[in-house]
Amino acid sequence: MSAHQNVAPSAASGEAEGLAALGYRQELRRGVGSFSSFAAGFSFVSILTTVFQLFGLGFGFGGAAFFWTWPLVFAGQMLVALNFAQLAAWWPVSGAIFQWSSRLAGRVFGWFTGWTMIVGQILTVAVAAVALQAVLPSIWNGFQIVGGSHADAAPTSATGAENAVLLGCVLLAVTTVVTILSVRLMALATSAGVVVELLGVSALVGLLFFLPKRSATVVLHTTGAAPGGSYLFAWLASALMAAYVLVGFDAAGELSEETRAPRRTTPKTIVRAVAVSGLGGGLLILAGLIAAPSLTDGNLATGGLAWVVSERFGAVLGRLLLCTVAVAVFACTLACQTAGARMVFSMARENALPFSGALAKVSPRTGTPIVASLVVGVGAVATLLVNIGQTALFTALSSLCIAMLYLAYLGVTGPLLLRRLTGWTSRWETTLDEDGAAVFGLGRFGVAVSAVAVLYQAAMVVNLLWPRAAVYDTTGHTWWLRYSAVLFIAASSAAGALYYAFSHRTHRVVAVLPAAGLEAA
């Protein structure tokens, strides 16, 4: 492809023409600016939501030294984000993971990557919604509806897990309505949520550092770690928290068709979302460890950061700070659901999913894919309802959903590495943004960045899927629960394979991408 063909036509005649060059007409409304694009990625990551949700888990496994899983995961995910940023500049299309994988590896491989991503995103929406249980009962015990206000509200208790499902379903009803009504409303809600979250993180970190119980050298010790067994194994298990937090930055790419000047904007917002989350999350974890009243009485492992905030700041200030976390949970769930809906929409317009006609329809009134948004919302609710009574709700679903997202990410970075090694990607290095400037690129470091990213992701998938009883089976005696993540991924992949095979036998078109810029593998 010649250089002039890689110039984004939107530089002269609008984003609609730029999208048309990739084979699609403009249906979604472009109401997402630079900050809203950053907000989509940052809200999906949502350090307040996810750190508060799983801080206790990470500390319970690895003790204070679990902090070091954070820089490890941050470095690995930044490498992934750099690859995604370059792809977002080349192909700014909704359903980013599906689109990128299909264009790099062909339609069959791309379809399975997209299928894995959809399932993972629905699970992620469900897990984000139940994070309310880690916050609301600490603000007011009246939010502990199951068993009454005096019942055990710990997420890993029977009453806490059931109440988490109830609160999560209510939140999902609200976010589904917002995603349906308007992309502008969604962008405003996530942007407002990000502002509150940034203020909340800054306030929490600052206040906790001013109320130290111990020095920062606490992270050099394993105080609070689970007793017995190999510490390395426990430390690797504690990495689940960091792995769960630092995903979802690709949500900015999912909104490319709704973002103004996406070739210029989206790559920056993807990298910025990871960088800000990495810095803020690391400081928040360190501050919590320094300011916790105790590291050895068991409360930090069960109550997490919510316990630290309540104990250190008292009833009034503590609850006000926790309210910012509740806002972050809402914005996170909304961002996750929006990204999931766009993935469903993108695959459906390729006639790649059951009932594609309905799923690919964009409402002329709201400019949003209503049915796709409903499917993601209902799927997340169903996920929660199926897990009523499961005390491993938080740990098992968190580990499973992140493993599936990592697998989907591998479906992009793996083929990208192979394409880089063959020189295929050089044809896109001349792509220009909407202002006629060269788009984001990695230059001669592209192969190295991709190679290390792939190695990191593969290792983390194995770590996340490892059949740990403490993660997947808190009863300790149900073998299929311990292997539930592997079994679920195998079952969902088999279901996808059956559908794909059936769709071909009935001569349906599946994931046929536009010819512009595509060479099937």
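Just so it is clear, the values below take in all heavy atoms, side chains as well, and ignore hydrogens, waters and symmetry mates.
- Side-chain atoms of Y231 come within 3.5 Å of backbone atoms of G62 as a donor-acceptor pair (strictly under, hydrogens ignored).
- Aromatic pair Y456/Y409: centroids not less than 6.0 angstrom apart.
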List the steps, then state whether side chain to side chain contact (heavy atoms under 4.5 Å, CB included) holds for I122 with M404. CA-CA 11 Å; I122 290 175; M404 296 202 73; over 6 Å; no

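- None of L188, T338, L185 except one satisfies the side-chain contact (heavy atoms from CB on, under 4.5 Å) rule with V178; the exception is L185.
- Proximity of S43 to L334: side-chain heavy atoms (C-beta onward) are nowhere separated by under 4.5 Å.
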For a side chain to side chain contact (heavy atoms under 4.5 Å, CB included) check, start with the C-alpha distance between W70 and V219, then their side-chain angles and the critical distance, and finish with the verdict. CA-CA 12 Å; W70 185 265; V219 300; over 6 Å; no

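- Summarising the geometry of T269 relative to A252, their closest heavy-atom pair is OG1-CB, 3.7 Å, with the distance given to 0.1 Å.
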Yes or no on side chain to side chain contact (heavy atoms under 4.5 Å, CB included) for L132 and T333, after CA distance, side-chain angles and deciding distance? CA-CA 10 Å; L132 282 179; T333 307; over 6 Å; no

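- Considering every non-hydrogen atom in both S138 and S310, the closest pair reads CB-OG, 4.3 Å.
- Residues V449 and M78 fail the side-chain proximity criterion, which asks for heavy atoms closer than 4.5 Å.
- Between S191 and S36, the side chains place a donor N or O and an acceptor N or O closer than 3.5 Å (distance only, hydrogens not considered).
- Taken from CG in L54 to OG in S238, the straight-line distance is 11.5 Å, to the nearest 0.5 Å.
- Although no hydrogens or angles enter the test, the distance criterion places no donor-acceptor pair under 3.5 Å between the side chain of R272 and the main chain of F38.
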Start with the C-alpha gap between L204 and F52, add the side-chain angles, then the distance that decides, and say whether side chain to side chain contact (heavy atoms under 4.5 Å, CB included) holds. CA-CA 12 Å; L204 278 169; F52 265 78; 3.9 Å; yes

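- Put simply, CZ on R342 and CD on E257 are 10.0 Å apart, with the number rounded to the nearest 0.5 Å.
- In this structure a side-chain-to-backbone donor-acceptor pair under 3.5 Å is present from S256 to G253.
- For G280 against V201, the heavy-atom pair with the smallest separation is O-CG1, 4.2 Å.
- For the atom pair CD (E311) and CG (L300), the distance works out to 11.0 Å, reported to the nearest 0.5 Å.
- Residues M241 and V73 are not in side-chain contact: their nearest non-hydrogen atoms beyond the backbone lie 4.5 Å or more apart.
- Ring planes of F66 and F59: perpendicular class, angle over 60° (limits at 30 and 60°).
- In terms of heavy atoms, L289 sits closest to A64 at CD1-O, 3.6 Å.
- Panel note: side chain Q77, backbone V274; no donor-acceptor pair is recorded below 3.5 Å.
- Judged by distance alone, with hydrogens and angles left aside, the side-chain atoms of S94 form a donor-acceptor pair with the main-chain N or O of E254 at under 3.5 Å.
- Between F42 and T190 there is no side-chain heavy-atom pair separated by less than 4.5 Å.
- Under 3.5 Å, the side chains of T176 and Q337 contain a donor-acceptor pair of N or O atoms.
- Contact detail for C169 and L385: the closest heavy-atom pair is SG-CD2, 4.1 Å.
- The backbone N or O of G63 sits nowhere less than 3.5 Å from a side-chain atom of T222 that would complete a donor-acceptor pair.
- Looking only at atom types and distance, the side chain of Q133 has no donor-acceptor partner in the side chain of Q53 under 3.5 Å away.
- With rounding to the nearest 0.5 Å, the separation of CD in Q457 from CG in L405 is 11.0 Å.
- In this structure, CG on N83 lies 6.5 Å from OG1 on T413, to the nearest 0.5 angstrom.
- No donor-acceptor pair under 3.5 Å is formed between the side chain of N299 and the backbone N or O of S294.
- Taking CD1 of I97 as the reference point, atom CZ of F84 lies at 4.0 Å (rounded to 0.5 Å).
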